[in-house]
Amino acid sequence: MDQQPVDALFSAYFPLPYRAVSTFIIGVWAWAITLQYLTKLHIDVESLLRFNQQRSGPPLYRSVYEVGAILTIVYAISATLFWMASNGSAYFAFLGLDILALSCFVAVPAIFFYPGIALHRPGRYRFLRTMRRIMFGGLDRDTRFADTLVADALTSYTKVIGDMWVMTCMVLSHKSVASMPDRTCGGKYVVPAIIAIPYLIRLRQCLTDYLRSGARETTHLLNAVKYTTTFPVIILSAVQRSYSESDNGSFLGALTLYNLWVLCMVVNSLYSFYWDVTKDWDLTMFKISSKNANLPHKGLRSILYFPSPYIYYAAVFVDFILRFTWSLKVSPHLYFFNHQEGGVFALEIMELLRRWIWLFLRIETEWIRTTGSGRLPVVMSEAGTGLHEAKD
């Protein structure tokens, strides 16, 4: 079956603006579910985020659910009108496919900037202030954990951010955004440069942490190195895309570029996976210590909030698999993931799934660290409610 008609059909029914908005809405719902489940485990996420100061009313997750519901309703109405118009409905054809798609894309930030008290204005404005701060590499001392969580989430939206640039470029170039996206719009190196921004933000945050520690906490420096390993991957990917047969006589041939790209991807993926497990989740499976040998559940830790140790093993396995989704691009016969718009979107969803799993264990780990060190104004007897001490 010819791939081009399939790709065109996918973009016709699910154009770039709707794809970008859908990933954001998925993120909102995922965050609400995370808040609710961790609250059920007696993990006070609002305290970790320093969000419970002078706050009363329902739990935070209910407000996030409300925002997610409104965004979903707006999205569903717009998408329904778009599909009816694209199928030749005389009632909605006058609206124009581009107007419908772009109006949905604009509606999401418009809701966040809505000045009314409804839809949890404190939370919406807090998120916008955090975004403004971290976009310049800022890192607030009091809300450091929240700032790093948002910045880490941005690194999982890099492909989506690149899509947003392509869409903006197409609008400025008077091209239809309701059709096949022009991935070359704006040049070959603009999208890679934009994709690198979230990693630069996290790199600067890590260096800020290192300097604030008086250049003593090398963990922050090693974390900065982790984000640095992303840049060779982005650069080599951009060079490969712009490579042509006329460049065969250059210093680096096509095969050499490809091999370097694979090497850099392996280094980045393994480093990031190790950091997820050992540093972000405080699991011990990669640590050699006599203390760890006495743990009932090998490779985990002494305090576990989730009801089964197999949840942690499954999270590690899934994180490893999804950290290596780039390997789907290495196999030329997997055309769907290499060149198809549906394949690109599938990779974006898989990365959001990986980040969602990472988020549960990352917040749990931070809760264990902060309650153990007394850095939160909580009653320790209450903080310990719901945790599972590892036992034989």
Side-chain angles (χ1 to χ4, degrees), residues 26-49 51 60-61 64 144-157 202 205-206 219-220 222-223 226-227 269-287 289 292 295-325 349-373 375-376 378 383-391:
I26 289 172
V28 173
W29 282 105
W31 177 234
I33 294 170
T34 303
L35 289 171
Q36 183 178 14
Y37 186 73
L38 292 178
T39 300
K40 182 180 178 181
L41 295 180
H42 302 279
I43 296 176
D44 190 353
V45 184
E46 294 183 38
S47 293
L48 285 175
L49 302 179
F51 194 77
L60 179 60
Y61 65 80
V64 180
R144 176 192 172 279
F145 182 59
D147 287 3
T148 56
L149 279 186
V150 174
D152 271 322
L154 280 180
T155 64
S156 292
Y157 275 88
R202 279 299 286 128
Q205 287 182 337
C206 292
T219 300
H220 299 308
L222 293 173
N223 199 13
K226 182 191 72 173
Y227 292 104
S269 297
L270 286 177
Y271 197 162
S272 299
F273 171 68
Y274 169 82
W275 200 273
D276 289 343
V277 174
T278 306
K279 301 297 183 180
D280 289 340
W281 297 344
D282 281 355
L283 303 183
T284 60
M285 56 185 62
F286 300 134
K287 295 179 180 179
S289 172
N292 300 332
L295 291 174
H297 306 296
K298 301 300 181 183
L300 302 185
R301 46 176 142 79
S302 58
I303 298 178
L304 306 175
Y305 272 81
F306 292 95
S308 170
Y310 295 106
I311 293 176
Y312 297 86
Y313 295 127
V316 171
F317 175 76
V318 173
D319 188 74
F320 177 80
I321 295 298
L322 295 183
R323 275 291 185 186
F324 280 84
T325 50
I349 296 300
M350 283 190 281
E351 171 56 21
L352 294 183
L353 173 62
R354 188 200 67 78
R355 179 61 64 184
W356 189 34
I357 295 171
W358 174 90
L359 188 63
F360 279 100
L361 271 69
R362 179 66 188 90
I363 295 176
E364 179 213 25
T365 303
E366 189 68 16
W367 177 250
I368 294 170
R369 291 173 182 173
T370 51
T371 53
S373 64
R375 286 185 289 164
L376 281 177
V378 297
T385 304
L387 64 81
H388 300 268
E389 289 284 354
K391 299 178 181 178

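No hydrogens, no waters, no symmetry mates; every other heavy atom, side chains included, goes into these values. Computed from a predicted model, the values in this text were never measured in an experiment.
Relative orientation of the Tyr37 and Phe306 rings is parallel, given thresholds of 30° and 60° on the angle between their planes.
The CD atom of Glu46 lies 7.0 Å from the OG1 atom of Thr39; values are rounded to the nearest 0.5 Å. Put simply, CZ on Arg369 and CD1 on Ile303 are 12.5 Å apart, with the number rounded to the nearest 0.5 Å. In this structure, Leu49 CG and Phe145 CZ are separated by 6.5 Å, a value rounded to the nearest 0.5 Å. The CG atom of Leu353 sits 4.5 Å away from atom CD1 of Ile357, with the distance rounded to the nearest 0.5 Å. Separating the CG atom in Leu322 from the CZ atom in Phe273 is a distance of 11.0 Å, to the nearest 0.5 Å. We find the CG-NE2 distance between Asp44 and His42 to be 11.5 Å, quoted to the nearest 0.5 Å.
Between Leu149 and Leu359 there is a side-chain heavy-atom pair separated by less than 4.5 Å. When side chains are defined from C-beta on, Asp276 does not count as touching Leu361, because their heavy atoms never get closer than 4.5 Å. Asp152 places none of its side-chain heavy atoms less than 4.5 Å from the side chain of Arg362. At a threshold of 4.5 Å between non-hydrogen side-chain atoms, the residues Arg323 and Leu270 do not count as touching. Using a 4.5 Å heavy-atom cutoff, the side chains of Tyr313 and Leu283 are not in contact. Under the 4.5 Å side-chain criterion, counting only non-hydrogen atoms from C-beta, Val45 is in contact with Trp31. Side-chain contact between Lys226 and Tyr274: absent, with no pair of heavy atoms (C-beta onward) separated by less than 4.5 Å. Side-chain atoms of Gln205 and Asn223, non-hydrogen and from C-beta on, never get closer than 4.5 Å to each other.
Taking every heavy atom of both residues into account, Leu295 and Ser302 meet most closely at CD2-N, 3.8 Å. In terms of heavy atoms, Ser156 sits closest to Leu352 at O-CD2, 4.1 Å. When all heavy atoms of Tyr157 and Gly27 are compared, the pair lying nearest together is OH-CA, 3.5 Å. Heavy-atom minimum distance, Thr284 versus Leu300: OG1-O, 2.6 Å. Looking at every heavy atom in both residues, Lys287 comes nearest to Thr278 through CE-CG2, 3.3 Å. Here the shortest heavy-atom pairing between Val28 and Val64 reads O-CG1, 3.5 Å.
A donor-acceptor pair under 3.5 Å is absent between the side-chain atoms of Trp367 and the main chain of Ile43, judged by distance alone. For Trp281 (side chain) and Glu364 (main-chain N/O), no donor-acceptor pair under 3.5 Å exists by modelled atom type.
Side-chain polar atoms of Arg354 and Thr325 form no donor-acceptor pair below 3.5 angstrom.
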Original post:
Under the side-chain contact (heavy atoms from CB on, under 4.5 Å) criterion, do Ile368 and Asp282 qualify, and how do the steps go?
Top reply: CA-CA 10 Å; Ile368 294 170; Asp282 281 355; over 6 Å; no
**OP:** Step by step, work out the side-chain contact (heavy atoms from CB on, under 4.5 Å) result for Tyr305 and Ile311.
**Re:** CA-CA 10 Å; Tyr305 272 81; Ile311 293 176; over 6 Å; no
